[in-house]
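Here's the structure we're looking at; comments come further down.
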Amino acid sequence: MVVPLYHVLAFAGLLFTIGVLGVLFRRSAIIVFMSVEIMLNAVNLAFIAFSRYHGDVNGQVFVFFIMTLAAAEVAVGLAIIISLYRNLRTSDISEIRLMKH
Amino acid sequence: MADTLYLITLFPLLGFLINGLLGRWLSEKQSGLVASGAILGSFLVSAQLLLALIALPEGERLFTQNLFAWIPVGELSIPIGYRFDPLSAVMTLVVSGVGLLIHIYSIGYMHADPGIRRYFAFLNLFTFMMLSLVLADNLVLMFLGWEGVGLCSYLLIGFWFEDEAKARAGMKAFIVNRIGDAGFIIAMILLYDQFGTLSISKIAAAAPGAQLAQGFFTAVTLLMFLGATGKSAQIPLYVWLPDAMAGPTPVSALIHAATMVTAGVYLIARNSVLFSLAPATMSIVAFIGILTALYAATIAITQNDIKKVLAYSTISQLGYMFTAVGVGAFSAGIFHLMTHAFFKGLLFLGAGSVIHSMNGEQDMGRMGGLKNHMPTTHWTMLIGVLAIAGIPGLSGFFSKDEILWGAFSQHEGFSWIWLLGVVTAGLTAFYMFRLFFRTFYGDPVWEGTQKPHESPSVMTLPLVLLAFLSIFGGYVGIPAALGGSNPFHHFLEPVLASYPVHSTAAPHTTYRLELLLMLVSTLVVAGGIYYAYRVYIQQPSLAEDLAKRLGLLYRLSFNKYFVDEIYDRLIIKPFRMLATVTWEWFDVQIVDGAVNGSGHAVARMSGIVRKIQNGLIQHYASIILLGVIFILIYIYFD
Amino acid sequence: MDTFEILVALIKVVAVFVAVILAVMVMTLAERRVAGFIQYRHGPNRVGPWGFLQPVADGIKFLLKEDIIPANVNLPIYLLAPAITMIPALTTFAVIPFGAPLEVAGRTVQLQVANINIGLLYILALTSVGVYGLVLAGWSSGSKYPLLGGLRSSAQLISYELAMGLAIIGVVMVSGGLTFNEIIAHQQATSWNFWKQPIAALVFLVAMYAETNRLPFDLTEAEQELVGGYHTEYSSFKFAMFFLSEYANMVTASAFMVCLFFGGWDIPFVDETQMGAWGVVLSVLVFIAKIGFFLFLYIWVRWTFPRFRYDQLMRLGWKVLLPLGLVNIFLVGLWMALKV
Amino acid sequence: MTAILFYIFATFLLAASLFVVLNRNPIYSVVALVFAFMNLAAMYFLLEAYFIGILQVLVYAGAIMVLFLFVVMLLNVQPDQPRPGLIHFDRWWYGLMGLIFVGLFLVLIGEGARLLLTSPAGEAVQIGGVDSVGEALFTHFLLPFEIASLLLTVALVGTVFLAKRRV
């Protein structure tokens, strides 16, 4: 393996952290959602790295399933955002707090 | 062969489910047929199994079947396991056989009652529970049946729950039984603690060799006996049984005469090994038994309600059975249990037939002269009365005399038990014929224009069959003294403990002695019958005379020695006061205070915590992150 | 990787690039000439002999024209969009083999820029990226016609990509490989996939037209409705880039079609390997000829069929081609199961 | 060569991701994210996960992100308006936690890497192709695979239901 495993993992970790920060700080629901995707991809990267490192295909299979899941999740999530937007005329999640009342 | 064992309980359970769940779509007739058919199924299966059992060589007569693990908890695993040995075989056949006849009888008796489907459902459930009790291989399953029959008894006593007195009678039965059940439970816990198992056969196998204090067995068996006194209506917990007559008469016949009340006797016989290891308990059992027998007989003499008489008679006969098991004559106890199931079932059903034709009248003072109106009932009742009185040749005679002989031969010092037994036999003959004469002979004192009529054949057929059994049921146990071989005794012998018999005399001399004792008791019985004839047929005025002359004694007997009132004063009233105090002070102040206080505390706390829940998704996400941080810190420092 | 390989790779890259650009140039001319032929008129025939230099003149015109950037545009995206469209269009050709393997100095040279083991997926992936160019161009123009065109085109591309993928799966199933070399080798060994899977070929052909936004599916442009579709607001060289990538896409799609269903560079009934270098040259020419046929078909169809309505387009994609593709897969599976 | 390419791609990836999170215009975010995913795909290729790499382009860049782009266009989301104050009061403690998290995470990666470095490197086996992943998917993971297809169907139906206008 040309690149040391822990370098890949460090990149994955940084990517994950960026995603976390995006989820925490952004107000736009769409950006938050994209940050979630970043987090998922960080995990995928770690999976691929481990798969390569251990010579085991299961990690890649896992990534495959995560992608499937992400596709489903994005479709449903975006549909939710659309219907929220349709009802509240906003996609700012700091203003979407109906559950509080 | 044992594969079909589960069918015995399955049929009544199915019957219960069909009648209980689908009852509303069944006609009255279908409901009765389903219920009776279920019991018939059980009866046929058990009869077939009994034949198979007899075909086996003695000593190997045992079928077992484990259906599934019911309560697996750690090392303790309680299976739904059935055990079919001679003892449970006898019980199963009695329960399903007599049960079948009573189910059929009920079709006629409960005709046109709006709750008939419920009635049959309960009756099937009862049979299921009773058979579970009888077949159970472990004490917990037995206890399930034990409680189950108690529940059904409660449900059926209070079957006409619109009548508050009847509902209360059910309640009373239930509560009194609870006291005894507590004893049973504690006994089970003690046994499990000591033996690590609740399997009856394993305990029985382990008990004789166990190095345990005498006191342990005495305690366990006494607690079990407490349970038995509750279920089988012995002193001091007999008070519920007379009130239980509030239920439909077939119920009284099945539950409160033939089967459930004998469960206590069965319990002791089933655990005969344990009891035989506790001589002190045995003495107490015998003592309580004979005392109950005599005591209940003295009450029965003065009662006017036909069912009450039979109820006290049942208590008295149960006392006989306890006497039998108490003196170690276990098989005699079971023998009497069986014959009693026949003739007492017959008597109750006969009484039910009378009540049915009298439109619910139960007071003997308003009967009389029914002989010609109800010939079948009359003749079958006569057989029943003769059987219970112990006239030679009928089943009651053999079983009762086996008990008396057992009591006499047990210890030299125990012959006073025999004496009391003979006295009770005389009293029994007297009050049973009192009942018989007052009901069927003399001048009709019933009011109204409607004439009593014979019951339909669906009711008289069981009467005839039971009468048949009452005559010939005893022939399976003809004692050696009368030239028989007592096959019943030998059949049961392997599963019952042998309690040492202290008899010094040689067999042929004891035979002679036994014959002599039989003669004595028969004479006493004949005397009782004659006296009843004198008082109630020849000189009807004599009855009132006697009542006046005996004054205090008569009032005591008539009012059942005021035991209910004494219990009320000594136990119920103080208990109620205690309950009131605990309710008004402890419950309201402490318990409710704690509950409300914790509610307020939670509300106040959540008021604080609620601020976290501000509807901001990112806020929640950050709290998740906090959790992740904690996990990371933990991983790092781990 | 030695000098030879690097050299060969460089030559191949340049050659393919030049070839594609050349093909595009020829196409722009051919389109108009064939149109003229079909409509019984002359096409452009003044610049150079028979108008052959017309594409050059067009190119010079595009380069020299004033580059107008409307005021409402989102500049970064507006500039990025043509590039995004162009890159996939030019790079997809990399995995397509354009001739029989060549023996040079004792080494075998694959006439193919890159032989990666998932060539088909590579093309599909790049095609799907191409969508961004159109959508972003439409959106960033800040005007409604381009936006509509962009949205239409992305929906259209995504819809037809499914049908296309399903058609490809049938081919992959029989040839048992995802590289073009394997697919072509399989067709050489047996027969062209077109004969074995006409349904798939038909589905692929239709999807191909939709994927390249050509008539009868050119709803992204639809001059009469949307002025110019997603590139309405583009002019000068940026417009040329869209133009270029559209034609490049057509070339690639034709090549794709040829490789999948018509044996690639394979000459029927002839064994190229026996003929040495001439065989290779011949195979390249045959490949070009086959591509030329499908490019001609593109033009032919364009001037023959009317444009579909948008709902008809969607219905065709989802309710006809998609089920047909599935049926094809099922039939192929059945056939394979029965054969084995 | 491969390693250098890897680090270049990784840098692009991180930069693009940061851009996604930091800039205010959702469209830029989407484009940056597509770019990031392309880089990620390239990294997968370098890690010899060819099939997954292609899927990354095909599924993530090609399909999922198009959805994002669609929604951004559909809602016509405007760039976030900057708010007064550098740090908003209700958010400073998110920041604090984020920082703690970043720190801990990096430390943990270092720790974990030290453990991993002591273990032997994996052999270079060809596992990234369609054949090996496909074989694993259709044998050992067949049931999850089928369930995933079911999940997609459910998501499809759910999406249509959620997104359609109230009838």
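Convention: sequence-line order gives letters A, B, ...; per-chain numbering from 1.
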Atom pair CG (L55(D)) and CZ (F64(A)), whose distance is rounded to the nearest 0.5 Å: 6.5 Å
Greatest number of heavy atom pairs closer than 4.5 Å to chain D - which of L69(A), T68(A), I18(A), V76(A): I18(A)
pair F65(A)-L151(D): side-chain heavy atoms closer than 4.5 Å: no
Contacts of F9(D) that satisfy side chain to side chain contact (heavy atoms under 4.5 Å, CB included) - sequence neighbours left out: L5(D), N39(D), A42(D), M43(D), L46(D)
Most chain A-contacting option - heavy-atom pairs closer than 4.5 Å, from L152(D), V30(D), L33(D), V21(D): V21(D)
I82(A) and L162(D), any side-chain heavy atoms less than 4.5 Å apart: no
Heavy-atom pairs under 4.5 Å with chain D, option from V32(A), N44(A), I48(A) with the top count: I48(A)
Top of V160(D), V20(D), V59(D) for chain A proximity - count of heavy-atom pairs under 4.5 angstrom: V20(D)
Spatial distance of atom CD1 (I30(A)) from atom CG (L67(D)) [nearest 0.5 Å]: 11.5 Å
Student check: side-chain heavy atoms of N41(A) and Y60(D) closer than 4.5 Å: yes
Residue among T153(D), I64(D), L22(D) with most heavy-atom pairs under 4.5 Å to chain A: I64(D)
Region of S35(A) in contact with chain D, defined by heavy-atom distances below 4.5 Å: side chain
V61(A) to A136(D) - nearest heavy-atom pair and separation: CG2-CB, 3.6 Å
Residue among F37(D), F70(D), F68(D), F6(D) with most heavy-atom pairs under 4.5 Å to chain A: F68(D)
Within residues 139-146 of chain D, residues adjacent to chain A where the heavy-atom gap is under 4.5 Å: F141(D), P144(D), F145(D)
Straight-line distance of F47(A) CZ to L47(D) CG, nearest 0.5 Å: 14.5 Å
Largest heavy-atom contact set with chain D, pairs under 4.5 Å, which of V20(A), L78(A), N58(A): L78(A)
Side-chain heavy-atom pair M34(A), M65(D) within 4.5 angstrom cut-off: yes
Nearest-0.5 Å distance, CG of residue L21(A) to OG of residue S17(D): 11.5 Å
4.5 Å side-chain heavy-atom contact, Y44(D) and L45(A): yes
Proximity breakdown for A148(D) and chain A, heavy-atom pairs closer than 4.5 Å: both
Heavy-atom pairs under 4.5 Å with chain D, option from I81(A), I80(A), I38(A), V23(A) with the top count: I38(A)
Proximal component of E135(D), with respect to chain A [non-hydrogen, under 4.5 Å]: neither
Chain D contact via F16(A) - side chain, backbone, both or neither, heavy atoms under 4.5 Å: side chain
Option in A63(D), G158(D), A10(D) with maximal non-hydrogen atom pairs under 4.5 Å from chain A: A10(D)
Heavy-atom closest pair, residues V133(D) and Q60(A): CG2-OE1, 3.4 Å
